[in-house]
Student: 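This is the structure, below, for whatever I ask next.
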There are 2 protein chains.
Amino acid sequence: MAEKGRRTVRDLRRGSRSALLRHLYFEGPLSRHELGRISGLSSGSISNVVGELLADGLVEECGSVESDGGRPRTLLRVTPGLAHLVGVDVGETQVRVALFDLALTELAASDQPLSDCGHDVGHVVELILTGLSEVLERTGVDRSTVLGVGIGVPGIVEQDHPEADGDTVVVHGPTVGWDAVPLGRLLRAGTDLPLYIDNGAKTLGQAEMWFGAGRGARNAVVVLFGSGVGACVITDGARFRGSTSSAGELGHTRVHVGGRPCRCGARGCLEAYVGAEALVARWGDAPPGTSEKAGLAALLDAARQPHSKAAELLREAAEYLGAAIADLINLFNPERIVIGGWAGLLLGPRLLPAIRDAATDYAFSFPRAKTAIELGSLGPDAVTLGAAALPLSHFLDSGGSLSSRTGRHTQVG
Amino acid sequence: MAEKGRRTVRDLRRGSRSALLRHLYFEGPLSRHELGRISGLSSGSISNVVGELLADGLVEECGSVESDGGRPRTLLRVTPGLAHLVGVDVGETQVRVALFDLALTELAASDQPLSDCGHDVGHVVELILTGLSEVLERTGVDRSTVLGVGIGVPGIVEQDHPEADGDTVVVHGPTVGWDAVPLGRLLRAGTDLPLYIDNGAKTLGQAEMWFGAGRGARNAVVVLFGSGVGACVITDGARFRGSTSSAGELGHTRVHVGGRPCRCGARGCLEAYVGAEALVARWGDAPPGTSEKAGLAALLDAARQPHSKAAELLREAAEYLGAAIADLINLFNPERIVIGGWAGLLLGPRLLPAIRDAATDYAFSFPRAKTAIELGSLGPDAVTLGAAALPLSHFLDSGGSLSSRTGRHTQVG
DNA sequence: ACGGGTTAAATCACGCCGTGAGTTGACCCT
DNA sequence: AGGGTCAACTCACGGCGTGATTTAACCCGT
């Protein structure tokens, strides 16, 4: 019943505030005049809304641009120091917590290895809370200025799970042994800040779309190529979730019906051929006791020898990843595909041509011709950045409401 | 610049009209009171908007429901005879044109076989225009009451193609030899009615979502299993198009890297294993000279013999289709998957259990558990029905504007 | 120093919107 | 005939975006 959506005149104002705030945030400092031109609002409304935003302190004037003959236009920007954001990356080997200002400039970060306890939930929760306190203390930032904590996790993030009450966010992460973990509720015991939990691939996608190789695209897919393989699908400019927020599980699509067993239990998954864990394991020649990262670097090094097993593995991985990307092109018809993640960035320069060729071979030629395949441009910490972008996105969508801070709420992405 | 969207107070009214019209159309006759309850609008607005709709003749009163003690509520419905719709299915073997009233009751239909000229564009255009005149004449319906002509075609439908001017819809159909066919412009020479052109799988999807097995779902995939294999992806209640309207090309996703050659030129496509054309060709035992439909029926009959080649082909097709559906589940996370198309409806009762099993084997268990896989419930003429639904959808979205009739416009879906 | 030209930004009357309380209308039962 | 009940209409109110008009802030030529 009673579907939401713009319904009363008041919602119009919220939409206008949100639109202006977004333009000011992403298109740098703008004058009221330019703001009117790109937003389509009339000068009267611009004056009113900007006046409100100035009064609320969300926006500030920052210099002016000279003119020849007329009144100079004063520039406006979102107040960078108004509020802060926290991003958390629960990764394969570590938990990273970073504090940002509103312009997403990193003010402090805390890296904590996951040691022997692995992904034991209590341990992870403790590391997140510890890191949170640490970055806040080190910078002296007041908790009340933090808009929220965005958290990227390795698993499917579901909302409205019947078992969870109150903080209804639940995480399913088969590869790390998480089964219906009520992460929101567990963290809630240690902090009052609003929590935004989403899959790590999706936070990476958010970062690349806003600040990286995906900028400007309305339909795109960002592939997280790390230990495993995940993806973030962007449709019409927004992250696509599906009915239970598990859309984009690229790593477990089929490349061979009845193929190599995957750590998820099925056979022939993409991840079983392309994921860093699978590659290093299949190679078998990594120096014993080294980390997965070092192992993959060694594999890349060994592959410089033509006809070696390592070279063959990489050739095969490129073909399979290209074929999977071809499927993405056929099914989603994106204008851009971005390959990120630490393994993607490490292997990308070598594999990209072969990946592009395989995608061309296997995709329908018409949509393939309109799709660019590129590497991510933000480096391995993009997951943390994207996580911090989650509360920012909410902030901008809501038209700059600061009241959410007191909400004690938790939500998906 | 100047992005669209609800911006002025006037757009609110358009949205309210549209919402009320939709509720009245799909939730049958409703009283003003119920309308307010399910739409969330206040009683005052309901009175205003319904008054407008009544004055415009879009809505009419139809009886009332008695009450015990109070004023009886009068029921409202969309005037069924107010306008008419035309649906066209450019199929594998024939062109079907049907005329509907606003309630999508079929008033007349014209089936014309595609004879020897095959899919020669001029021939198809002629058949469409002939069929259109025929159904209008036979029923005596005035052209001016036709809201538009929806056309489902076997190929990718693109808008804003630089080569086409004015009517900018262009169709690419590799399997029927169409390359950048300006179908909109060609038809424009023979009719002034608004044209709505989309891929046949997408019009089938529209029909199943509105009136068939997809009803009520917000995220779903409708698979068109005919000579080839296509799909219509519905996200958040709307058909998903992608950046150049080619999303959902399921038939040419990979099931075997480097497998059986497909009629599209690539290797290992799903369609090369599952499509009716491929199945009949691989079987090879169809009585010579029979149609594809008869051939597939014969194959189904032969497959009753266990361990026969036919049975093995169907077993394999079910597994591959199930695997492809598993990929759809992983990537789109829909709440429902509907299998339609003439081949799907013919083979479905036999294959569905095996398809479901394969999907369970190959998909991530968590989203799989929340996805229902079902057969379409509308029969083989659903493509035509869905095509007629395209102008209807536009009509409802616009809040019941009849002015589009005079617009001479053409558009995708 | 000063006034005319030019452009940015603020102001304001106007028409329109949805809300929700109050009113009218139509029916029931006693 | 009269009171109760509920649907539907009416209307004052606060709020919105628009666009013409006014005010503010700067340039340049004299």
Side-chain angles (χ1 to χ4, degrees), chain A residues 1-21 23-24 29-55 59-77 399, chain B residues 1-21 23-24 29-55 59-77 399:
Chain A
M1 352 271 166
E3 64 262 46
K4 55 196 66 174
R6 314 249 164 282
R7 281 195 305 99
T8 100
V9 285
R10 232 140 169 168
D11 297 316
L12 285 177
R13 179 54 62 97
R14 193 188 339 278
S16 297
R17 280 177 65 114
S18 174
L20 262 45
L21 222 40
H23 281 118
L24 282 178
L30 291 169
S31 72
R32 291 167 174 82
H33 209 70
E34 291 166 312
L35 217 40
R37 195 173 44 77
I38 59 181
S39 73
L41 260 63
S42 70
S43 63
S45 293
I46 296 286
S47 267
N48 277 334
V49 178
V50 168
E52 269 186 39
L53 293 173
L54 281 170
V59 156
E60 65 183 13
E61 302 191 333
C62 60
S64 61
V65 67
E66 88 290 357
S67 72
D68 35 49
R71 172 174 173 174
R73 38 183 82 174
T74 60
L75 296 176
L76 301 162
R77 70 171 171 206
Chain B
M1 2 254 168
E3 64 259 47
K4 56 196 67 175
R6 314 249 164 280
R7 282 196 302 99
T8 98
V9 284
R10 231 141 170 166
D11 297 315
L12 286 178
R13 178 54 63 97
R14 192 189 337 280
S16 296
R17 280 176 65 113
S18 175
L20 260 45
L21 222 40
H23 281 118
L24 282 177
L30 291 170
S31 72
R32 292 169 173 81
H33 207 71
E34 292 165 312
L35 218 38
R37 194 172 44 76
I38 60 181
S39 72
L41 260 63
S42 69
S43 63
S45 293
I46 297 286
S47 265
N48 278 332
V49 178
V50 168
E52 269 186 37
L53 293 173
L54 281 170
V59 156
E60 64 184 13
E61 301 191 335
C62 60
S64 60
V65 68
E66 89 291 356
S67 72
D68 33 50
R71 172 174 176 175
R73 37 183 84 173
T74 60
L75 295 177
L76 301 163
R77 70 169 172 209

Student: What is the separation between atom CZ on B:R73 and atom P on D:dA7, rounded to the nearest whole Å?
Tutor: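 Taking CZ of B:R73 and P of D:dA7, I get 4 Å after rounding.
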Student: Does A:S43 have any side chain to side chain donor-acceptor pair (under 3.5 Å) partners at least two apart in sequence or in another chain, and if so, which?
Tutor: none
Student: Hey, which sits more toward the 5' end of DNA chain C by its nearest nucleotide, A:I46 or A:V9?
Tutor: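 Closer to the 5' end of DNA chain C: A:I46.
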Student: Could you tell me which residues satisfy side-chain contact (heavy atoms from CB on, under 4.5 Å) with B:S16, sequence neighbours excluded, listed by chain and number?
Tutor: B:L41, B:V49
Student: Distance check needed: D:dA7 C1' versus B:L76 CG, whole Å only.
Tutor: 12 Å
Student: Under 4.5 Å between any side-chain heavy atoms of A:L75 and A:L30, yes or no?
Tutor: no
Student: What string of B, S and - do you get for nucleotides 21-30 of chain D, 5' to 3', when a contact is any protein heavy atom under 4.0 Å?
Tutor: ---BBBS---
Student: By side chain to side chain donor-acceptor pair (under 3.5 Å), which residues pair with B:E52, not counting sequence neighbours?
Tutor: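 With neighbours one apart ignored, the set is B:R13, B:R17.
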Student: Under the side chain to side chain donor-acceptor pair (under 3.5 Å) rule, collect the residues that match up with A:T74, sequence neighbours excluded.
Tutor: A:R32
Student: May I have the distance from B:R7 (atom CZ) to D:dG19 (atom C1'), rounded to whole angstrom?
Tutor: 14 Å
Student: Report yes if some heavy atom in the side chain of B:L20 is under 4.5 Å from a heavy atom in the side chain of B:S39; otherwise report no.
Tutor: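 A side-chain contact under 4.5 Å exists here.
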Student: If the cut-off is 4.0 Å, is B:T8 near the phosphate of D:dG17, judged by side-chain N/O to OP1 or OP2?
Tutor: no
Student: In whole Å, what is the span from the CG atom of A:D11 to the C1' atom of D:dG17?
Tutor: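 Going from A:D11 (CG) to D:dG17 (C1'), I get 15 Å.
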Student: Return the minimal non-hydrogen interatomic distance between B:L76 and B:V50, and the atom names on each side.
Tutor: CD1-CG1, 3.6 Å
Student: Rounded to whole Å, how long is the line connecting atom CG of B:N48 with atom P of D:dC9?
Tutor: 9 Å
Student: Listed by chain and number, what are the side chain to side chain donor-acceptor pair (under 3.5 Å) partners of A:R77, not counting sequence neighbours?
Tutor: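 Counting only residues at least two positions away or on another chain, A:R77 forms a side chain to side chain donor-acceptor pair (under 3.5 Å) with A:E60.
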Student: Please classify the nucleic acid contact of A:L41 as base, sugar-phosphate, or nothing, using heavy-atom distances under 4.0 Å.
Tutor: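 The answer is sugar-phosphate, as A:L41 gets under 4.0 Å only of primed atoms, P, OP1 or OP2.
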Student: From the 5' end of DNA chain C to its 3' end, which nucleotides mark the outer limits of contact with chain A, defined by a 4.0 Å heavy-atom distance cut-off (strictly under)?
Tutor: C:dG5 to C:dT19
Student: Of all residues at least two apart in sequence or in a different chain, which pass the side-chain contact (heavy atoms from CB on, under 4.5 Å) check with B:V9?
Tutor: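 Testing B:V9 for side-chain contact (heavy atoms from CB on, under 4.5 Å), a comparison that skips the adjacent residues, returns A:V9, A:L12.
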